[in-house]
Amino acid sequence: MMKIQIKRPDIKGTFHKLKNMNKEDVKAYWKARKERRAMIIEQRRNSAFARKMKPVYKFMNRFSLLFHALLACVLNIVIEAISRHSLFEALDYMTGTPMVFLYNAFMIFITFSIVYLFRRRVFVRILISVFWLILGVANGYMLLKRVTPFNAQDLKVAKDGLSLINNYFNGFELIVLAIGIVSVVIWVVSMWKRGGQFEGKVHHVWALLGIIVCFAAYGLFSNLAVEKRVVSTYFGNIAFAYEDYGLPYCFMASVFNTGITEPNDYNKKTIEKISNNGEITKNETGRSEDELPNIIFIQLESYFDVAEAEFFTTSEDASPNLHEMYKKYSSGYFKVPSVGAGTANTEFEVLTGMNLRYFGPGEYPYKTVLKNQTAESAATALAALGYGAHALHNNGGNFYSRANVFNNIGFDSFTSKEFMNILQTTENGWAKDDILIQHIIDAMNTTEQRDFVFGVSVQGHGDYPEEQIIENPKIKVEGIEDEGLKNKWEYYVNQVYEMDKFAGDLVKTLEERGEPTVVVFYGDHLPTMGLKAEDLKSRYLYNTNYVIWDNIGLQKEDRNIPSYQIMADVFDRLDIHSGTVFNYHQERRKTKNYLSDLELLQYDILYGKQYVYNGKEPITEGHMQMGVKDVTLTNVVKHLNEGCSLYGENFTRHSKIFINEEKQKSTFLNNTRIDLPETVPEDGDVITVVQMGSSNTPFRTSNEYVYQGGTLTVREGTGTDPEKSWTEQTDSSEE
């Protein structure tokens, strides 16, 4: 049997050489290395294979533009096949929309123009190809895990995404990902050494001029493509846009095309005319303080009236409470800006009254302009009339940057899941919506005046399982032959049934409360089910449903309404005229140049010189607190063996214990008890409780408690100040 002998490395000798190495030795080493490398390159140039390939390389260099075009087409079809998870679908896309395919291939082609600036052209071509392939692989994988394709917003929240990595990758996939990244890096580095160099003269000036011509030509073709409707600058549904317009265009649009482009006729005089010399910035109402009602908006995740679907039936009414409201109160179709996804964009239109159409394709203003900039909203409009303004969401506070955005648009408080003890979840893991009722009441109880409450639900969130995971569903779906699709709809319909129950229970609770109140229920977008217009009675994919419940005797007025007009419409019915954009809708809806002037107004408020305010901005800084209740500690009980229990009030699963500013290992038991399995405080230790969001964001900190002789002494005023913005009191917020 053959024995393999491995030479033992001379670690001691190597270390001795390094220790005694002088400057001349280093110079000699690198000189020898350079000479050896030059000799290897010369041998390769003179090898039989190199001599054989020399005319081939010469031919390819001569016709490199043609080969770049061919490579661009190949890359385009490959990344689309990866994105669509099917080569045949990619081929259908290529043959079905050849102009779109060629437009995207041309985009890839112009990126190859930069190779002419370098000698290592093979290496640069590889880098560019790897870039496009990485985009394709990232998009393809993301679409396996969620409904939204890979876009620039994912890069902007990469830090927060790392905390959610387990939601997208299991252990095996993480290993494969790591191996893949390392392999690609090794291969790219090796091609730097082995890819060879261009032997002719590099004409940098001509190359640069050529690049400029290519990009200029692309700009012209882009304008022509938009003009001829080959591609669009508005994405109602970003997932559909990627399918229709291709990954290269859609991804680059999400990178470079954000915000509102300055309109041609934007100037102070135009804004003065639109605003009637600032008249639309008024804040007034014809109602007395006692007549003003609480105003509550409830955004129901992925909700629509399933009775609108024409391809299946249900064993019983899935929305009995909302249907009863439809009969008695104002209702209709609710036109939203997206399909299957884009919760935050419907939210944006409702809260600000702004039309998303004027922003970049696929843009989320929550992730761009509103994340770091103040702006008026329904919260500021009603606050000007003395309302308290509260937001609630039974999902993470950092999701869609809501904690920052709600602070920037004037809310007084935001209760996210970090402040809720969520006991009931769907079979798919999302919080059930009934948890919101008590927290809505808690928020309203924090103020003596009337309240504006904006609640965002999450129970109806996809993805919907193809397996039957509800053992005994309340509602059965009939008429769908495909078993997997039937299970998805049956799961969704039963979530709708429970969301409807939540709506009914909330109304009942508010009736018992006895205060004058108006509640608006609406769906943010259709569920991600591959719906087509012909599947729905309305024959329109951007319609959900809304209803305006009240206990103040509002007249029933049914009509269809877009999401950016709903707040102004409700205000008008209540004789409330407050908020610049809402006043604009009330005065200008159905008038000449209504939409074009709305674009000018939106630009002026968010990106322009704010002529409309004449130096009197409605909001210059936020003041929002996270949650409405303080976490308090009462006592510490030591365990017999090791550790201790902390007792207090308002604990949640997101309560983290710090002793002397050092985070402790803890176990949440209930809203009054948290165990520290490995820690027992000592005399003089300072204990605080932090409500922690994703990315270790401290949303709210309790007062400090000093442990001494078995008792706790509170240091009043050392916790988060509810009179200031939570963002001013934290060293760590979402990226």
With sequence neighbours excluded, residues passing side-chain hydrogen bond (donor to acceptor under 3.5 Å, both in side chains) with N593: none
Pairwise salt bridge (Lys or Arg N to Asp or Glu O under 4.0 Å) hits with a residue in residues 343-353, at least two apart: E347-R402
Does atom CG of N614 have more than 12 heavy-atom neighbours from other groups under 6.0 Å away? no
Quick one: list whatever passes side-chain hydrogen bond (donor to acceptor under 3.5 Å, both in side chains) with E621, sequence neighbours left out. none
Once salt bridge (Lys or Arg N to Asp or Glu O under 4.0 Å) is applied, what residue pairs with a partner in residues 529-549 remain, sequence neighbours excluded? E310-R539
Side chain to side chain contact (heavy atoms under 4.5 Å, CB included) involving S413 - partner list, sequence neighbours excluded: H390, Q625, V628
Test: salt bridge (Lys or Arg N to Asp or Glu O under 4.0 Å). Region: residues 328-338. Which pairs qualify, not counting sequence neighbours? E324-K328
Does S578 have any side chain to side chain contact (heavy atoms under 4.5 Å, CB included) partners at least two apart in sequence or in another chain, and if so, which? N283, A381, A384, L385, I576
Considering all heavy atoms of both residues, which atom of T528 and which atom of G340 are nearest to each other, and what is their separation? OG1-O, 2.6 Å
Show every salt bridge (Lys or Arg N to Asp or Glu O under 4.0 Å) that has at least one partner inside residues 548-564, sequence neighbours left out. K556-D558, E557-R559, R559-D569
Tell me every residue that passes ring pair (Phe, Tyr, Trp, His ring centres under 6.0 Å) with Y358, counting only those two or more places apart in sequence or in another chain. none
Under 3.5 Å side-chain donor-acceptor pair for D305 and S319: no
Please name all residues satisfying salt bridge (charged side-chain N to carboxylate O under 4.0 Å, His left out) with E272, sequence neighbours left out, ordered by chain then number. none
Sequence neighbours left out, what passes side-chain hydrogen bond (donor to acceptor under 3.5 Å, both in side chains) with Q565? Give chain and number order. Y594
Sorted by chain and residue number, the side-chain hydrogen bond (donor to acceptor under 3.5 Å, both in side chains) partners of E418 (sequence neighbours excluded) come out as S416
Are F359 and F348, when compared by the centres of their aromatic rings, separated by less than 6.0 Å? yes
Is the Y366 to Y400 ring centre distance short of 6.0 Å? no
